[in-house]
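Note on naming: letters A, B, ... go to the chains in the order of the sequence lines (proteins, then strands), and numbering restarts at 1 for each one.
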Protein chains: 2
Amino acid sequence: MVTARSTTKPSARERLLAAANELFYAEGVQSVGIDRVIEHAGVAKASLYNTFGGKEQLIRAYLDHRHAGVTARLVRAVEGRATPREQMLAVFESQGAQFGKPAFHGCAFIRASAETSPGSLVAEAADNYRAWLRELFARLADEAGAADPEALARQLQLLYDGATVAAAMDHDPSVAVASRAAAAALIAAATGDFGWAPPPPAPAAAAGPGAPDPLPATALG
Amino acid sequence: MVTARSTTKPSARERLLAAANELFYAEGVQSVGIDRVIEHAGVAKASLYNTFGGKEQLIRAYLDHRHAGVTARLVRAVEGRATPREQMLAVFESQGAQFGKPAFHGCAFIRASAETSPGSLVAEAADNYRAWLRELFARLADEAGAADPEALARQLQLLYDGATVAAAMDHDPSVAVASRAAAAALIAAATGDFGWAPPPPAPAAAAGPGAPDPLPATALG
DNA sequence: CGTAATCTGGACAGATCTGTCTGAAGGGGT
DNA sequence: ACCCCTTCAGACAGATCTGTCCAGATTACG
């Protein structure tokens with residue numbers, strides 16, 4: 001009822017969402033006008049207002065669509081790893097793989113939030129996205145045996161946010177290696193799987209026979 | 001010839017810069033129109049165009065003004081500490097102290113860049129700012145004896161960027177404690193220096209009447 | 001085939017924004 | 001007093017944007 005058959009021409013709603021995804025993400029939700037969206041989608045203006053109700057709702061639908069896409073990609077990346085620690089790193093690797101793509105323009109939620117006033121539908125969508133990612137990090141941090149899973153989750157989200165911002169603003173995909181290395185160091189510090197003890201000047205060798213595998217913090221490049 | 005005495009009435013240029021700083025930072029450089037800026041500054045529209053040439057140049061001047069302010073604040077914070085490690089942490093503490101202020105709305109350069117197309121004067125100002133901060137981190141990392149100062153500097157900048165984004169989007173000043181702790185862990189991992197005392201004074205009092213944690217009604221818990 | 005829903009193309013209104021221009025007021029230096 | 005420069009107040013043009021509306025074309029489906 002809400003979607004058309006895949007064999008026929010995509011419905012006006014789907015074409016509008018696809019056009020909004022391209023234009024809003026590439027140029028910003030405020031800079032792109034309604035006329036350009038409907039022209040790029042090949043639909044009439046009335047279809048947009050009949051389907052979504054207005055520009056703000058279209059932006060919200062665009063962000064929700066992106067939320068679903070990122071969620072699916074990260075879930076897929078996490079499912080491919082065995083241990084919670086590797087799953088956390090897989091999140092950063094999946095993120096880092098986006099940096100090199102030509103269509104990468106940073107985090108859609110950060111960008112859209114910077115363009116709109118707080119309390120809008122945009123902020124709501126951004127809150128949903130951020131809460132989902134934080135809960136993913138918190139669950140993995142808990143499974144990894146972190147002393148304070150919430151604290152580690154928050155630290156990892158700081159890194160995640162900073163990585164998108166830096167990669168977009170500096171046009172530098174190599175941010176991925178820095179963020180992954182930093183994530184590995186933070187995970188190590190929070191789970192104590194290699195030498196992290198405040199007072200003693202213990203050297204690096206803390207990985208005993210029963211300890212989890214020590215990993216090179218400089219993998220991925 | 002370009003500035004007036006501080007005892008007399010501020011010049012049109014200064015009043016315009018002050019108004020731009022308030023309005024652009026609080027509501028975004030695109031959302032705020034020229035008319036609101038000149039009304040808030042109490043100057044004529046012709047004065048704006050005679051002084052700056054156009055809106056884009058005013059935005060650029062606003063960002064340069066902010067760049068100078070942040071630079072001065074961070075330099076002051078760094079000068080108050082003795083060791084390079086403490087100086088790096090002082091950067092995060094100075095940043096974290098901003099999170100609780102009611103006028104805090106995230107990083108002006110990130111916000112402005114999200115609102116404008118790349119290659120503009122805004123991107124230029126943002127590049128200058130980011131390069132300055134990165135060199136500060138790199139210098140301190142080198143003095144701290146990091147094995148790879150550039151790598152540590154980049155990691156710290158990721159944290160710095162992520163902290164502003166998270167503090168602004170989540171309306172949560174307690175991000176400051178997470179970013180400082182993460183910075184300390186990254187510094188320790190990169191320098192092998194785990195020098196620690198009891199937890200130093202908290203950078204920001206998280207007590208804010210209007211900043212509760214948002215409780216997002218997210219699916220997929 | 002016929003009906004009902006959907007989509008289309010475009011005109012239109014109302015608002016807003018940037019930038020220009022005019023004409024006058026004010027203030028400091030010589 | 002005179003001159004020069006800055007500033008003020010606001011009208012105005014030109015463009016753009018959101019949202020509404022309408023009559024005709026198209027499509028789905030019984």
Side-chain angles (χ1 to χ4, degrees), chain A residues 1-20 22-63 112 114-117 120-122, chain B residues 1-20 22-63 111-112 115-117 120-122:
Chain A
M1 56 200 64
V2 67
T3 59
R5 292 288 143 264
S6 58
T7 60
T8 71
K9 183 174 70 174
S11 67
R13 178 187 190 91
E14 292 175 55
R15 275 182 291 163
L16 279 170
L17 261 184
E22 287 184 29
L23 296 177
F24 284 162
Y25 180 63
E27 307 180 31
V29 295
Q30 292 284 350
S31 304
V32 175
I34 287 294
D35 290 332
R36 289 195 53 208
V37 176
I38 66 171
E39 178 198 357
H40 195 268
V43 304
K45 188 181 279 192
S47 298
L48 190 156
Y49 284 93
N50 283 335
T51 306
F52 292 99
K55 188 184 184 183
E56 189 175 8
Q57 290 90 335
L58 174 64
I59 296 173
R60 172 60 187 264
Y62 144 70
L63 288 178
E115 285 183 273
T116 55
S117 40
S120 62
L121 293 177
V122 168
Chain B
M1 73 179 292
V2 66
T3 58
R5 291 280 145 266
S6 58
T7 59
T8 71
K9 183 174 74 173
S11 67
R13 179 187 187 90
E14 293 176 52
R15 275 181 292 163
L16 278 169
L17 261 184
E22 287 184 29
L23 296 177
F24 284 161
Y25 181 62
E27 306 179 31
V29 296
Q30 293 283 351
S31 304
V32 175
I34 287 293
D35 290 331
R36 289 195 54 207
V37 176
I38 65 170
E39 179 198 355
H40 195 268
V43 305
K45 188 181 278 193
S47 298
L48 189 156
Y49 283 92
N50 283 335
T51 306
F52 293 98
K55 188 185 184 182
E56 190 176 8
Q57 290 89 335
L58 174 64
I59 296 173
R60 172 60 188 264
Y62 144 70
L63 288 178
R111 290 194 57 180
E115 285 182 274
T116 56
S117 38
S120 62
L121 294 177
V122 168

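- For the pair B:Glu39 CD and C:dC17 P, the interatomic distance rounds to 11 Å; values are reported in whole Å.
- Taking each heavy atom of A:Lys55 and A:Val32 in turn, the nearest pair found is NZ-O, 2.9 Å.
- Listed by chain and number, the residues in a salt bridge (Lys or Arg N to Asp or Glu O under 4.0 Å) with B:Glu56 amount to none (sequence neighbours excluded).
- Taking atom NZ of residue A:Lys55 and atom P of nucleotide D:dT20, one finds them 15 Å apart after rounding to whole Å.
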Shorter than 3.5 Å, N or O on both sides, protein versus nucleotides 9-15 of chain D: list them out with atom names.
none

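- Heavy atoms of A:Asn50 sit nowhere under 4.0 angstrom from any nucleic acid atom.
- Atoms OH (A:Tyr49) and C1' (C:dT8) sit 16 Å apart, rounded to a whole Å.
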- Item | Verdict with reasoning, B:Arg13 to B:Phe52, per side chain to side chain contact (heavy atoms under 4.5 Å, CB included) | CA-CA 8 Å; B:Arg13 179 187 187 90; B:Phe52 293 98; 3.8 Å; yes
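- When the ring pair (Phe, Tyr, Trp, His ring centres under 6.0 Å) test is applied to B:Tyr25, the partners found at least two apart in sequence or on another chain are B:His105.
- To the nearest 0.5 Å, atoms CZ (A:Arg15) and OG1 (A:Thr51) are separated by 10.0 Å.
- Following rounding to the nearest Å, B:Leu16 (CG) and D:dT6 (P) show an atom-to-atom distance of 15 Å.
- Summarising the geometry, the separation between CZ on A:Phe52 and C1' on D:dG19 is reported as 16 Å, rounded to the nearest angstrom.
- B:Ile34 has its CD1 atom 15 Å from the P atom of D:dC8, to the nearest Å.
- The separation between A:Arg36 atom CZ and D:dC17 atom P is 9 Å, rounded to whole Å.
- What separates CD of A:Glu14 from P of C:dT6 is a distance of 16 Å, to the nearest Å.
- For B:Glu39, the CD atom counts as loosely surrounded, since its 6.0 Å shell holds 12 or fewer non-hydrogen atoms of other residues, nucleotides or ligands.
- Listed pair A:Ser47 / C:dC7 fails the phosphate criterion, with no side-chain N or O lying under 4.0 Å from OP1 or OP2.
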